[in-house]
Amino acid sequence: MRFTLSEEQQMIQDMTRKFAKEKLIPVAAEIDKKGEFPTEIIKELGELGLLGVYVPAEYGGSDMDVVSYAIAMEEISRGCASTGVIMSVNNSLVCDPLLKFANEEQKNKYLKPLASGEKLGCFALTEPNAGTDAIAQKTTAVKEGEYYTINGSKNFITNAPQADYAIVFAVTDKTPVKKSRGISAFIVDMKTEGVSIGKIENKLGIKGASSASIIFDDVKVHESDLLAQEGMGFKIAMATLDGGRIGIAAQALGISRAALEEAADYSKERKQFGQSIASFQAIQFMLADMATRVEASRLLIRESAYLKDQKDPHFGTISAMAKLYAAETSGFVTSKAIQIFGGYGYTKDYPAERHFRDARITEIYEGTSEVQRMVISRAVLRD
Ligand SMILES: Cc1cc2nc3c(=O)[nH]c(=O)nc-3n(C[C@H](O)[C@H](O)[C@H](O)COP(=O)(O)OP(=O)(O)OC[C@H]3O[C@@H](n4cnc5c(N)ncnc54)[C@H](O)[C@@H]3O)c2cc1C
């Protein structure tokens with residue numbers, strides 16, 4: 001595995017770091033305060049090729065590797081965690097399964113505009129009674145002639161109100177013995193009659209990214225929009241979430257970096273007892289622990305991205321480790337950052353409290369930390 005970046009990886013790091021510095025950091029607090037979807041910024045991400053980073057150019061993407069994607073996700077999330085998750089969903093949860101499982105016609109029709117940023121996507125797996133237990137899907141898709149009729153509802157779906165297309169999971173065979181093999185995946189145009197947006201969540205953090213429920217009321221989907229074959233839905237969802245962990249781990253890393261860099265700067269400026277607080281060993285040791293965990297997170301993320309690029313079968317376990325570690329690190333680092341800012345860290349005058357709120361979700365979505373521990377321990381006990 002390479003520890004130095006290739007020319008192309010260095011280029012995307014420089015580009016996204018510059019973009020975060022100039023376009024995201026100055027507005028991130030405002031995005032959080034207003035809780036508004038950053039439409040213009042997402043348009044710019046599309047123009048920069050950041051909405052389909054590792055999709056081949058023939059399908060509208062930037063033709064880079066997964067390591068480049070992880071680098072870009074870290075930098076964008078360092079600037080604005082809300083923007084980071086919007087980008088992650090389109091790349092990891094929408095373009096990725098289309099790249100892997102869609103047929104040529106579907107790739108041309110859907111992947112091209114999604115990867116190029118012309119359209120935005122969402123991934124609709126979770127339901128009110130099917131969270132961690134994703135097999136417990138209640139949404140159904142019943143076939144009659146050339147069309148499936150979808151009925152049911154999904155909740156917590158990131159990008160749902162803005163999305164043009166959704167990857168939707170639904171039960172096509174209710175026979176109990178089928179279980180996960182009774183679930184199928186569909187590409188649904190969000191403008192289709194019968195699709196509506198329900199409750200938009202008022203969240204603790206990542207307030208610029210919308211999470212909403214989607215209601216499907218007799219939604220007709222043509223059989224040509226079935227992804228892969230009937231019964232493949234659960235396999236598609238799990239394979240997608242394996243890769244999605246890299247995006248969320250990198251989002252967590254970006255948030256950690258923001259908290260660390262800002263806490264280090266503040267510690268040099270803030271004076272108590274006639275000297276900067278950075279001169280106290282207590283503060284130095286906090287910064288040392290934060291920096292060490294940030295670096296370790298990055299190593300796990302780069303390794304998992306590299307393994308995904310190599311199509312290595314161990315990638316799923318390592319990506320679970322990367323997400324678990326980077327997410328828990330972001331909780332640790334953002335909490336310590338507030339400690340270093342003292343009382344000011346607890347106010348909205350400084351971004352430390354926003355990083356703390358934004359970090360929290362990374363332990364929950366795309367597989368909670370408990371789920372990551374299950375994935376990892378299963379591999380440990382199998383080997
Ligand atoms: C802001 C936000 C954005 C989201 N975006 C999307 C999206 O775009 N698409 C989508 O499909 N979903 C999305 N989700 C849903 C998210 O993936 C789920 O919230 C998550 O998988 C957990 O499901 P749950 O909330 O139902 O919790 P539950 O499954 O009810 O879990 C509650 C607790 O029990 C634990 N638990 C559950 N089962 C076990 C077990 N077997 N062993 C040990 N512990 C267990 C969990 O780890 C957790 O601590 C989003 C959620 C949020 C909050």
Side-chain angles (χ1 to χ4, degrees), residues 31-32 35 37 77 81-97 114 120-139 150 152-171 180 183 185-188 190 197-216 227 233-234 236-245 247-249 251-252 255 320 323-324 327-328 330-331 354 357-378:
I31 289 174
D32 172 69
F37 185 87
S77 305
S82 296
T83 305
V85 70
I86 298 164
M87 171 177 160
S88 177
V89 165
N90 201 73
N91 277 275
S92 300
L93 300 190
V94 182
C95 289
D96 189 276
L114 284 161
L120 190 71
C122 67
F123 176 88
L125 176 68
T126 302
E127 296 183 3
N129 292 310
T132 302
D133 184 11
I135 297 178
Q137 300 273 308
K138 289 275 179 288
T139 299
I150 301 184
S153 69
K154 301 284 173 181
N155 66 336
F156 289 143
I157 309 304
T158 306
N159 294 350
Q162 294 80 24
D164 299 284
Y165 302 125
I167 310 275
V168 179
F169 297 85
V171 176
S180 65
I183 298 169
F186 299 89
I187 310 161
V188 177
M190 293 291 281
I197 298 297
K199 185 182 177 211
I200 299 180
E201 303 296 340
N202 183 4
K203 309 185 299 307
L204 176 71
I206 55 160
K207 283 174 167 284
S210 357
S211 312
S213 62
I214 311 178
I215 297 134
F216 299 90
L227 196 50
F234 193 71
I236 293 172
M238 293 305 111
T240 302
L241 292 170
D242 270 359
R245 289 178 204 139
I248 300 306
Q251 183 201 22
I255 299 168
K323 181 181 184 276
L324 171 65
E328 292 191 349
S330 70
R354 168 165 49 88
R357 288 185 287 106
D358 285 345
R360 194 62 188 82
I361 187 60
T362 63
E363 277 199 61
I364 296 171
Y365 55 22
E366 296 193 34
T368 61
S369 288
E370 292 70 39
V371 168
Q372 309 310 329
R373 286 191 164 86
M374 284 191 250
V375 172
I376 298 161
S377 59
R378 241 181 254 141

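The residues of the chain are indexed from 1 along the displayed sequence. As the structure lists them, so they are numbered: ligands from 1, and atoms in each ligand from 1.
- Residue Ser82 holds its OG atom at 8.5 Å from CZ of Arg354, rounded to the nearest 0.5 Å.
- By the 4.5 Å heavy-atom criterion applied to side chains, Leu241 and Leu93 are counted as neighbours.
- Atom CZ of Arg360 has 12 or fewer heavy atoms from other residues, nucleotides or ligands within 6.0 Å.
- Proximity of a side-chain donor or acceptor of Ser377 to a complementary backbone N or O of Met374 within less than 3.5 Å is detected.
- For Gln162 and Ser210, the side-chain atoms include at least one donor-acceptor pair closer than 3.5 Å.
- Considering only heavy atoms from C-beta on, Gln137 comes within 4.5 Å of Leu125 through its side chain.
- Annotation: ligand 1 has protein neighbours Phe123, Leu125, Thr126, Gly131, Thr132, Phe156, Ile157, Thr158, Lys203, Ser211, Ile361, Ile364, Tyr365, Glu366, Thr368, Glu370, Met374, each with a heavy atom less than 4.0 angstrom from the ligand.
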